[in-house]
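For ligands, and for the atoms within them, numbers begin at 1 and follow the listed sequence. One is the number of the first residue; the rest follow in order along the sequence.
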Amino acid sequence: MLFENKKVQVRFAPSPTGYLHVGGARTAVFNWLFARHHNGKFLLRIEDTDFSRSDKKMVQAIFDGLGWLGLDWDDDVIFQSERLSLYQNFCQQLIDSGNAYYCYCSQERLTGLRQSNEKDRGAFFYDTFCRNLSEEKKQELEKQNIPRIVRFKVDPGKTVFKDEVHGSLTFDNNEIDDFVILRSDNIPTYHLAVVVDDFDKKITHVIRGDDHLTNTPKQVLLYQALNWTVPMFAHVPLILGSDKKRLSKRHGATSVSDFESQGYLPEAMLNFLSLLGWSPGNNQEVLDKQALIENFDLQNINKNPAIFDETKLAWMNSQYISEVSVDDLYEKLLPFLKTKEEFNINNYSEKYIKTSIEMLKSRLRTLTDFVEYGYYFFKDPDEYEEKAVKKHWRGENLIERLIESKSTLANLKEFEEESIENSIRQLAEHLNIGAGKLIHPIRIALTGAAVSPGIFELIAVLGKDVCVKRLDNAVEFLKKK
Ligand code: GLU
């Protein structure tokens, strides 16, 4: 689609003051999907003019986070810190056209103003003191080398713009003070830099978080003063935690890299993030990258805050995991398995690990689940789940049942699923008890838990020696109880 005969061009413009968090990533996803849907461009701009807070490490974290999600950007990355003269030139243009002026107010004066404003209006509002300084006064202040900043002149009236999500919005200019566009060190403020860059890079749609909604009228005023076409805006809803409070560290993982290390698949994360405030208009939830690109539009973005539902994310991740082949899953799981020294993963064959993956695959919500729940493939249980013990390690002759099971398994010539199953069922018959009276206690002995994949297959995979040892351990444990 063309926007006023221009090719769609959007940008993601993070400030590198922290890791790529869920909110920023969602904004990136929306921009990327929109660009790809329209065969347009997705630019990446690093807003690093706040030198004290910007950090190179965070720039790398943003690249890594986008890369992990599969959000490729077009053209070279734009660093605002490398474009300062561009902003300064346009600032000068605004001064020359009478739309901006130097302000020499001292910190003390501004602090006093802030204090009285806070009482009257609740927030700082510049009183236009320097707007009409006489030429003489200005020269005098310049001679004294008084530090100066540049403020934009906001005249009375209304500022109107169209938002793809919120419709037409009108702001009263009386609510907007003469805001700063250039600091005393000649560094532009966010408002000036963002408008200059969006114009210079021919951005057609500004898609960003709702928290910027109140910044937009100021930016529209800048566009108008510079005689530039105002881009389309789409302010996307806030993301709240499941307690309906703004998503923050309190809710647990919030940076994209946290989700990566917790074992979420990037494809699932991309799918999940794209549904935070957008839906394809039907009830479909699992949409791969291609389907997301095909379906994405700004019309179906919701005005209301989106809820970050971790249970849904885990469910979605499990859907994606179940689609991954065992070979690929093996590659993905290996780094997680290697972090667990006690697993001694090098002692196990690729075939063994792949079999264990095959057995647990359908139960995994995250990759770390495998390490957590499947530990018994690599390590004897060092404790037995209390609930499981209460439920199944009870009744008559428990120790004998375990000892008999162990002997039966130890004596098996052919240690395969079928022969194992037959022998255990025969033993149950022989003891005149239900097979469950053997199966459940064995499972706890082997895994420490009440739930596992099919027990006979598991016994076969773990092998005779491991099973005999673990049944012995369980008997020892029960004798001591
Ligand atoms: N740098 C701003 C932020 O990180 C985004 C600016 C914008 O999208 O206009 O919130």
Could you go through residues 111-124 and list every donor-acceptor pair under 3.5 Å that involves a side-chain atom there, pairing it with any protein atom two or more places apart or in another chain?
| unit_1 | atom_1 | unit_2 | atom_2 | d |
| --- | --- | --- | --- | --- |
| T111 | OG1 | Q107 | O | 2.7 |
| S116 | OG | L113 | O | 3.2 |
| N117 | OD1 | F125 | N | 2.7 |

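- For the pair F129 and L110, the minimum side-chain heavy-atom distance is 4.5 Å or more.
- Closest heavy-atom contact between F336 and G263: CZ-CA, 3.7 Å.
- Ligand 1 is surrounded by R11, A13, P14, S15, E47, Y190, V194, R208, H212, each with at least one heavy atom closer than 4.0 Å.
- Ring centers of F179 and H191: under 6.0 Å apart, within the cut-off.
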Sequence neighbours left out, cut at 3.5 Å: what donor-acceptor pairs do the side chains of residues 138-147 make with other protein atoms?
| unit_1 | atom_1 | unit_2 | atom_2 | d |
| --- | --- | --- | --- | --- |
| K138 | NZ | E135 | OE2 | 3.3 |
| E142 | OE1 | R148 | NH1 | 3.2 |
| E142 | OE2 | Y104 | OH | 2.5 |
| E142 | OE2 | R148 | NH1 | 2.8 |

Can you give the donor-acceptor pairs under 3.5 Å from side chains of residues 15-27 to other protein atoms, not counting sequence neighbours?
| unit_1 | atom_1 | unit_2 | atom_2 | d |
| --- | --- | --- | --- | --- |
| H21 | ND1 | G23 | N | 3.2 |
| H21 | ND1 | G24 | N | 3.4 |
| R26 | NH1 | P237 | O | 3.1 |
| R26 | NH1 | L276 | O | 2.7 |
| R26 | NH2 | P237 | O | 2.5 |
| T27 | OG1 | G23 | O | 3.2 |

